[in-house]
Amino acid sequence: MPANTKYLSSPQQRFFKITAGIFGGFIACTALHMCIGSLLVDKSIIVMTTIYSFWLIWPGLMIIAFLIRKPWKTWLIYLGLTIICSAIVYFS
Amino acid sequence: MKFKGLSNRAYNIVFHTHTVTGLVISIGLFVIFLAGAFALFKEEMYRWENQDARYNPPEIVDLDRALSRIKKSVPNFDPSEPLTIKLPTYENPEYIFYGAERSKDSMLIRAVVQVNSSNYEVREHKDTKTHLGQTLYDLHFFHQIPYVGLFISGFLGLFFVFATLSGLLVHWKHMISKFYAFNIKSSLQQFWKDAHVTLSFIGLPFQLIYGVTGALLGLSILLLLPSVMILFGGSQQEIRGMIDPSFSLTVDENSPLSDNQSLNISYQEFMNSHEYGNVYYIRVQNYGHEDALMSFGVDDRKRMTGDGIYVVRMNTGEVLAEHSPADKSYGESVYGILIKLHYGTFGGLLVKVLYFLLALVTCFVIISGILLWQSSRDNKRYSNAQRKFHFQYTRLCLAICLSLFPAIGLIFLANKCVPFDLFHRTMYVNSIFFTGWLLLSIIGLIYKDTGTLNRFYLLMGAIFSFMIPVANGVVTGDWIWSTLYHREWYVAGVDIFWIFSGITLIFALRNKIDVPPGKRMVTKYL
């Protein structure tokens, strides 16, 4: 019943996966929502959607972070997403 | 319909994260759900907790008289500062004015004042006689922990969403095929597993709602900060205006004074002109000035979008901004819907009762998760030291969590037994609650067997449950036959709940489940 430990990562990797999931996920989730918001005319509507979608997407990103084998790849993906979204925000 | 489960690697990873998250957040989450279950009825319990509130609210609302009485009792009360007034309802027939007073050196201090709506006596909230509902409500979001309590509860909500989603992924393959699986004849581990899985699947929508709304209420600053900075260049007004239109209008504190302003006249004009729901609160800005605004918060407490806010210019009666329940836009409705989902203020009392039962189910899901974890590692694959640690942690969780229900019974008792005229009685009542909870936890830790520990708390819960209606009758004279006869339904309801709870606990105690020695939780490792 308990998880088969051969699939789990070492303690060092775990720390990086957890931080990548929580902090990286938060930044990516925020950037994603802000990016959608900046493309809309009436910006307060996206905030009203964010107040519930954020708490569903952020844990989703946290789960994905655990599934990606190497934490640096997770950071790469999440920071990349953030940079793309920030660029969209900056240019609109 | 066959569901494809996760791959072996993904399954084990998600399973492990679900386990670890569950272990970390369990105790806090249990407290949140049990305290929250009772806090759902905070308003309905008020007549029970405060016997001075067992009168009917007036037919005519006299806000001006309440305000003038407040100005006499609290001399530096400044009504031109933003003022929110909770109107008397049947559940809580007092006015509550949330305003500000100016201290000697012109500093603004928050002033909360209660006004009895039958004799218009004024009492400052810090001298309030009862704090039962408020204490349980505060416990629900850890308000007793300074500064970070709300934040911590928000994070528990967030990780609860994580645990729910990861649990759903783990169970994905067997969602349909094992929906009815419930085995009480197999091992203890199987029993806890079936109970945990079945009940959490049934409660999944409820748990997701509370994970999301709880995280929102606790961690809203994490959303507001980036949104305000990035999308609105630092201005909060548009977002606040979406939630409450009175924030989208500005008033000038230097505008000319206007005497003879009457809260009553504006209120009557508004009541004559609008049709949706009852007014629950009024927000007054810049009272005494020409541009004074009054916002009326209406709610029909039935529909999901039954709430609304109308902002009225006091001197002219003109409606300047509104979120009307009939035609609110999406953006204007969402926040209200999430609040209603969280507080259960839709669909009437039945929804609150269902919410209460589901909250108890969620508490069971949390406990069964811990017990499932412990029993599935109670085998030779783990060292004795590990098994001992698992068992100690389980006992700690059970002691803290299961003692909360008798402790809540204790605060209901203390609410009646501490003399009503004692100065600062709320401090004594709250102290009895928290020290009682601590003592009950410590006593529970003496029991080496979790079965005996549980039965101890069931017994304490049953004893307190039966004492509560008796205490209410003895202290206030409102015995249950009297309250039923006089149609004090909410007061009788609280007493009936505790009688029912006592009977249920007695039945639970009588049905002793004999776990065969080989399957009992191992105590010899202690």
Side-chain angles (χ1 to χ4, degrees), chain A residues 1-9 11 13-15 17-18 21-23 25-69 82 85-86 88-90 92, chain B residues 6 8-20 154 157-166 169 189 193 208 211-216 219-220 222-232 238-243 329-335 337-338 372-373 375-377 381-382:
Chain A
M1 220 238 137
N4 193 336
T5 47
K6 75 176 183 202
Y7 295 112
L8 306 176
S9 34
Q13 271 214 334
R14 280 184 203 185
F15 172 77
K17 278 190 176 181
I18 292 172
I22 297 179
F23 297 107
F26 174 73
I27 298 170
C29 199
T30 308
L32 194 66
H33 284 98
M34 296 302 109
C35 152
I36 299 174
S38 65
L39 296 172
L40 296 171
V41 175
D42 186 0
K43 300 199 191 313
S44 39
I45 297 225
I46 187 60
V47 180
M48 290 300 122
T49 305
T50 310
I51 60 179
Y52 60 88
S53 64
F54 196 91
W55 315 111
L56 293 165
I57 297 181
W58 186 10
L61 291 177
M62 279 158 58
I63 293 179
I64 293 173
F66 281 106
L67 292 174
I68 299 176
R69 285 176 207 268
T82 309
C85 293
S86 309
I88 298 177
V89 171
Y90 185 71
S92 66
Chain B
L6 298 171
N8 257 346
R9 179 180 170 269
Y11 177 86
N12 278 287
I13 289 177
V14 175
F15 187 47
H16 186 73
T17 53
H18 177 82
T19 308
V20 173
L158 171 71
F159 287 110
F160 187 49
V161 177
F162 179 87
T164 307
L165 292 177
S166 56
L169 282 173
Q189 177 202 345
K193 178 182 174 198
L208 267 180
V212 168
T213 55
L216 166 66
L219 301 176
S220 55
L222 288 182
L223 298 179
L224 282 179
L225 209 55
S227 305
V228 163
M229 299 310 289
I230 296 175
L231 292 178
F232 294 99
E238 248 193 86
I239 297 181
R240 294 181 94 186
M242 262 290 188
I243 294 174
S329 68
Y330 164 79
E332 293 164 356
S333 319
V334 177
Y335 189 76
I337 292 177
L338 290 173
L372 162 64
W373 167 77
S375 61
S376 66
R377 280 159 181 74
R381 284 169 51 193
Y382 294 85

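Each chain gets a letter, A, B and so on, in the order the sequences are listed, and its residues count up from 1.
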Is A/Ile68 in contact with chain B via its backbone, its side chain, both, or neither, using a 4.5 Å heavy-atom distance?
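Looking at A/Ile68, just its backbone touches chain B.
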
Please classify the contact of [X] with chain A as side chain, backbone, both or neither, using a heavy-atom distance under 4.5 Å.
| X | value |
| --- | --- |
| B/Thr19 | neither |
| B/Tyr335 | both |
| B/Leu224 | neither |
| B/Phe160 | neither |
| B/Leu216 | both |

Which heavy atom in [X] sits nearest to a heavy atom in [Y], and how many Å separate them?
| X | Y | result |
| --- | --- | --- |
| A/Phe66 | B/Arg9 | O-NH2, 4.5 Å |
| A/Met48 | B/Gly331 | CG-O, 3.3 Å |
| A/Met34 | B/Pro226 | SD-O, 3.9 Å |
| A/Pro59 | B/Leu165 | CB-CD1, 4.2 Å |

Restricting to ring-ring contact (aromatic ring centres under 6.0 Å, His included), what partner residues turn up for A/Trp55, sequence neighbours left out?
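Listed in chain order: nothing, the list is empty.
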
Could you point out which residue of B/Leu223, B/Thr213, B/Ile239 forms a side chain to side chain contact (heavy atoms under 4.5 Å, CB included) with A/Ile51?
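Considering B/Leu223, B/Thr213, B/Ile239, a side chain to side chain contact (heavy atoms under 4.5 Å, CB included) with A/Ile51 is found only for B/Leu223.
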
Counting heavy-atom pairs closer than 4.5 Å to chain B, which one of A/Thr49, A/Ile46, A/Asp42, A/Thr30 comes out on top?
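Looking at each option in turn, the highest pair count goes to A/Thr49.
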
Below 4.5 Å, heavy-atom pairs only: which of A/Ile45, A/Ile18, A/Leu67, A/Ile22 has the largest tally toward chain B?
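Ranked by heavy-atom pairs under 4.5 Å with chain B, first place is A/Leu67.
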
Once side chain to side chain contact (heavy atoms under 4.5 Å, CB included) is applied, do any residues pair with A/Leu56, and if so which ones, sequence neighbours excluded?
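In terms of side chain to side chain contact (heavy atoms under 4.5 Å, CB included), with neighbours along the sequence ignored, A/Leu56 is linked to B/Val161, B/Leu208, B/Val212.
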
